[in-house]
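Step one of this worksheet: look at the structure below.
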Amino acid sequence: MIVSTNQGNPNALKLIIAAKLAQETVTIKIVKPKDAFLGRLPMLITPSGLSLFSVSSALRFLLPIAAELEILNNRWLEWEISQLQPAILSLASGKISSKDLLSLLQDLNSELKDKQYLIETNNYLSPADISIWVSLWSTLLLAECKDISAHLPNIINWLTNMEQQPVIQESIKEFNSVRGPKAIASIEATSWFPVNTVLNTHAHESVSNDISPTREKEVEAVSQEELRNVTNSWFTGQYLEVKEGSYPILPKKGERNVLITSALPYVNNVPHLGNIIGCVLSADIFARYCRQRNYNTLYICGTDEYGTATEAKALQEKTTPQAICDKFFDIHNDVYRWFGIGFDYFGRTTTPEQTEIVQSFFLKIKSQGYILNETVEQLHCELCDRFLADRFVEGTCPGCKYEDARGDQCDGCGHLMNAVELVEPRCKICNTKPVVKNSVQFFLDLPKIEDRLKQWSDTVSKGWSSVAKVVSKSWLRDGLKPRCITRDLKWGIPVPVNGFENKVFYVWFDAPFGYISITKRYTKEYEKWWKPQDTKVDLCQFMAKDNVPFHAIMFPACLLAANQNNTLIKYLMATEYLNYEDKKFSKSRSVGVFGTDARDTGIPADVWRFYLAYIRPETQDSNFNWIDLATKNNSELLNNLGNFVNRALMFSEKFFDCNVPPTKLEEADWTVLALAQRELTSYINAMEQAKLRDGLKHILAISKHGNQYMQFQQPWVKIKGTDDDKNRAGTVVAICCNLACLLSALLAPFMPATAKQLRSQLGLSNKNYGYIPEMITNMLPTWHKIGKPSPLFTKIKDQQVEALRKKYAGQQEINGHAPAHIGANTSFSGH
C-alpha cells in the first residue's frame, strides 16, 4: 500500500499506525500540496488501485471493527473530522478561545472515565482511538496547556497510555512526526473541512435549553431603542395577509416582480442531493419566501433534454433519445414533487416553442453580426462514422492525468477542454481510437460583445453570490474568446442555415433559452416577463458554480447581441459543491444519495429540505453526512424548535382550554420579543440576499430564545401559585404562542409541510403559509383558539443512521476510482 502525504501531516500518521496494526506494508510517498489530486492529502492507495481520500474511510478499510461497535466508532470518527480538527485549526488562528475548545472536549473526557481506551476492542486499537489521539497529541500538546489539561484528567491519562503503546512509538519514529504549529500548518495545507462544522454539536445527542456561555456567544444586551420599537409594533402593528395568487402570474406595475429560475436539471439520470440543493430546492425556498412577502413571484424550471449525454444514454439503453427524455422527465417530476418543490410551471426543452425561440434568437444574433463560422478540428470515429462530441469520447486529461476525462470537461480537475486535447482518446461507443478531421461550425463572437457585457456586469454583479462574482470576474478578466455553438450531432435543435442541415445547436447555447420557452408554455403572455414594457422584473437564477459561466457570460451575451431589450439576470445565486460523506457526488457516475433514495429512507421530505438548507454550500464546499443529519434533526428540530412550540401549545391546551390567555407584559417579555425581532430583521436581510443557510439559523435562534425565556419564567410553577402568578404564567404562554406563530411563517419556505401542520395546531388556516412581517406584532390575539398540539418531529436513532450509511456505502467508489469532484452541478457544462 502507498500513503501519499505532504511532509509532517499528522493525518498520515493515523494511516501508518492502522496499517501496522493490520500487518500491512506501507510505502510513504511525500508529495507537495500543489501536486496533490484535488488538493487532498493524505491518500491511501491500495494494491488494487483503490484511492481513499477520506482518512476516516481509510481507517475503517484498514481496521474493520466488530459490528456491535461500528455505530460508536463511526460517531467518534465523524466527531473528530467535523468537530475536533476544525476546532483545533480555529484555535490556532484565534477564531475561538481555549474555553470553546475545553467545552468541546468535555464529552470526550466524560466518555474516557474509568476506561483505558475510548472503544474497547479485543484485538487492536480502534480507528476512533487512533484518529482522535493523533489529532490531540500532534497539535495541541495538552500537557503544556495547563488551563485546559487541569479540567481533562481522563483525556490526559488516555493520551499518556496511548503514547506508550509500541505500535504508536514505532509509527512516530518511522514517519518522523512533527508536533505543534508545524503539524497544524501541514493539515491546513491539504485538508478540507465541511462548512457544517458547529462547535456545540457533540458526539452524544444531549442538547440543553439553557445555553452555556461557553457554548454560545453571549447575547448582546437589548437596547432601549429596540425595546421601544418592539413595544410600538406589538401594540400598533398590523399583521398582513398573504395575497391570493391568480393564473397566469404576470408582472404588475407598481409591485416587485420576481422571476425565479434554477439551472435546468439534465435528464440523463436521477437527480442527487447536490443537484437538488444546488438549483431547484434553493430556488424553491427563495420563491416561497418571496410569495410570503407578497412579491409578485413566478418560479419556472424544467428539464434540459438535448445534448450528447441524452444520445449516449439512449445508445446505452438501446432506445431513442426522446424515450430517455420522457422517462427521466417523469422521474425528475416525481422526485421534485416529493421534495415539495413548488414550481409555478415545470416544463422541458424538447418542445416546438424551444425550437422556435432558439432558432429565432440565433438568426437575430447572426443578423446583428455576432456569429462567426470557423473550421475546427474534431475527433471522428471511423468505425462508427461519426464526429465524437463531448460525452462520446473519453481519454486522459492533459493536466491532471485523470484517465476518464470527457471530451468537454475533466471530472478530475474541472478543466474545460476540447476533445482533441485528450491524451489517448477513445470512442465511448466502440472503444477505438478516433482520428482528427476538420468540420465547419458556428461561433458566438464573444470578443465583439465583451465591452457591453462588462458594462452590464458592473451594474448587477454586486448583488450576486460570492462564488458567482469570483467565477464571472475571472472569465472577464482573462478576456473572452469566440465560443462554438454548433455540433455534429443528430439529437438537438437543427441549425436553420443551408449547408448546416446535419448539425444541431450545442446544448449550452440551446438550454438557457429554455427559461423563455418554458415561460411561453406557461402563458402566451410570456413576453411580459422577458420583454417588459412598463414594469420592472427582477430575474433571479439559482445554480451550482459550474454553471456560472453560461449564465453570467454566454446567455447574457446572447440576449445583448440580439438587442431586443430582453430581461437580463439581476441576481445570480450560485453555490459551491455539496460532498457526500467526505467524497463527491456524481450524477453520471452514480455516486451518492439520489432523490429516490431520500424518499425511500422514510425520513420526511421536510427534514431533508431542512438539512440540505442547513449545510447549503454558500461560500465553500459542505458535506452531507448521515450522523450529522441525525444530529441536526435530533438537536435543532426535535430538542430546540419542536420542543419550544410543543411546550407552548401544550401549556395553552392544558391550563387555558386551548386559548391564548390575556397578557400583561413586563421587561422580560419585551426583552425576548426584542431578541426575536433582532433575529427577524437578520432573517429578512439574509433571505433577501438568498443566504438561505443564515436565514434558517435565525429561525433556530428565535426558538432558542423562546426556550430560554420559558425555562427562566417557569410557567409550570407559576400556574400553581397566586392569581398574580397564574396571570404571569398566562402572559408567558401567550408570548410563546405568538413566537410559535411567527416561526410557522418563517419556517414555511424551508419546511412547508411542517409549517402547515404547525399552523393547524395554532388554529390558523393552512390555505397559505402566513405573511413574513418586517416587525413582530401580536399575531394571535387574546382568546384566540388553538388546535390540537402534537409533536412535529421524531428522533432519528443511531441504528437507523448506521443502516442507511451501510445501505448507500456501495455508491461511494466506482471501479476502484475515487469519485470526481462534480458536486452540485446541474446542467449545460456537463454535456
Criterion side-chain hydrogen bond (donor to acceptor under 3.5 Å, both in side chains) on E667 and T671, from CA distance to verdict | CA-CA 6 Å; E667 182 178 357; T671 299; 4.8 Å; no
Decide, yes or no, whether a salt bridge links [X] with [Y] under the criterion of side-chain N to carboxylate O below 4.0 Å.
X	Y	answer
K788	E653	yes
K785	D657	yes
D334	R337	yes
R728	D669	yes
K704	E636	yes

Before we go on, tell me: are the rings of [X] and [Y] under 6.0 Å apart, centre to centre?
X	Y	result
F542	W464	no
Y709	H705	no
Y345	Y299	no

Verify, without hydrogens or angle tests, whether [X] (side chain) and [Y] (backbone) share a donor-acceptor contact under 3.5 angstrom.
X	Y	value
D284	L281	no
E802	Q799	no
R293	I772	yes
S760	K756	yes
Q292	G770	yes
R609	G340	yes
T631	I627	yes
N275	H272	yes
D694	A686	no
N296	E255	no

Please assess L105 against L84 for the test side-chain contact (heavy atoms from CB on, under 4.5 Å), listing each intermediate value before the final yes or no.
-> CA-CA 8 Å; L105 292 172; L84 180 60; 3.9 Å; yes
Go through the side-chain N and O atoms of [X] and [Y] and say whether any donor and acceptor fall under 3.5 Å apart.
X	Y	value
Q689	Y571	no
Y611	D628	yes
S262	Q541	no
R759	S765	no
R647	Q711	yes

Taking the side chain as every heavy atom from C-beta outward, state whether [X] and [Y] have any pair of such atoms under 4.5 Å apart.
X	Y	answer
F343	I300	no
I615	N623	no
K726	T722	no
S282	I277	yes
H332	P271	yes
S622	N579	no
L758	L649	yes
I735	L665	yes

Distance (rounded to the nearest 0.5 Å) between [X] [atom1] and [Y] [atom2]:
X	Y	atom1	atom2	value
R693	T575	CZ	OG1	10.5 Å
Q713	C736	CD	SG	9.0 Å
I603	L804	CD1	CG	5.5 Å

Taking all non-hydrogen atoms of both residues, which atom of [X] and which atom of [Y] are closest, and how far apart?
X	Y	value
K528	V537	O-CG2, 4.2 Å
T231	L227	OG1-O, 2.7 Å
I341	V280	CG2-O, 3.9 Å
V660	L780	CG1-O, 3.8 Å
G706	L739	CA-CD1, 4.4 Å
T297	A287	CG2-O, 4.1 Å

Walk me through it: do N640 and N707 pass the test side-chain hydrogen bond (donor to acceptor under 3.5 Å, both in side chains)?
-> CA-CA 7 Å; N640 174 17; N707 270 318; 3.3 Å; yes
Decide whether a cation-pi geometry holds between K632 and F610; the criteria are a distance under 6.0 Å from NZ or CZ to the six-membered ring centre and an angle within 45° of the ring axis.
-> no
Geometric cation-pi criterion, R256 with Y295: 6.0 Å, 45° | yes
Near K691 NZ, under 6.0 Å, is it more than 12 heavy atoms from other residues, nucleotides or ligands?
-> no
Per-pair distances, 0.1 Å, donor-acceptor, side chain in residues 238-253, under 3.5 Å, sequence neighbours excluded:
| residue | atom | partner | partner atom | Å |
| --- | --- | --- | --- | --- |
| Y239 | OH | Y771 | N | 2.9 |
| Y239 | OH | Y771 | O | 2.6 |
| Y247 | OH | Y522 | O | 2.9 |

Ring geometry between F624 and W626 (parallel below 30°, tilted from 30 to 60°, perpendicular above 60°) = perpendicular
For L742 and E679, what are the C-alpha separation, side-chain angles and deciding distance, and is it a side-chain contact (heavy atoms from CB on, under 4.5 Å)?
-> CA-CA 11 Å; L742 175 66; E679 300 298 340; over 6 Å; no
Walk me through it: do I569 and V460 pass the test side-chain contact (heavy atoms from CB on, under 4.5 Å)?
-> CA-CA 8 Å; I569 188 169; V460 295; 5.5 Å; no
Where do Q761 and S790 land on the side-chain hydrogen bond (donor to acceptor under 3.5 Å, both in side chains) test, with the steps shown first?
-> CA-CA 8 Å; Q761 294 184 24; S790 62; 3.0 Å; yes
Would D538 and N257 count as a side-chain hydrogen bond (donor to acceptor under 3.5 Å, both in side chains) if you check the C-alpha gap in whole Å, the side-chain angles of each, and the deciding distance to 0.1 Å?
-> CA-CA 6 Å; D538 291 341; N257 301 295; over 6 Å; no
Please report the C-alpha distance between F235 and N778 in whole Å, then the side-chain angles of each, then the deciding distance to 0.1 Å, and finally whether the side-chain contact (heavy atoms from CB on, under 4.5 Å) criterion is met.
-> CA-CA 7 Å; F235 285 125; N778 190 355; over 6 Å; no
Quick one: side-chain hydrogen bond (donor to acceptor under 3.5 Å, both in side chains) partners of N229, sequence neighbours excluded?
-> none
Candidate pair R291 and D344, rule salt bridge (charged side-chain N to carboxylate O under 4.0 Å, His left out), full reasoning = CA-CA 11 Å; R291 295 182 191 115; D344 290 301; 3.1 Å; yes
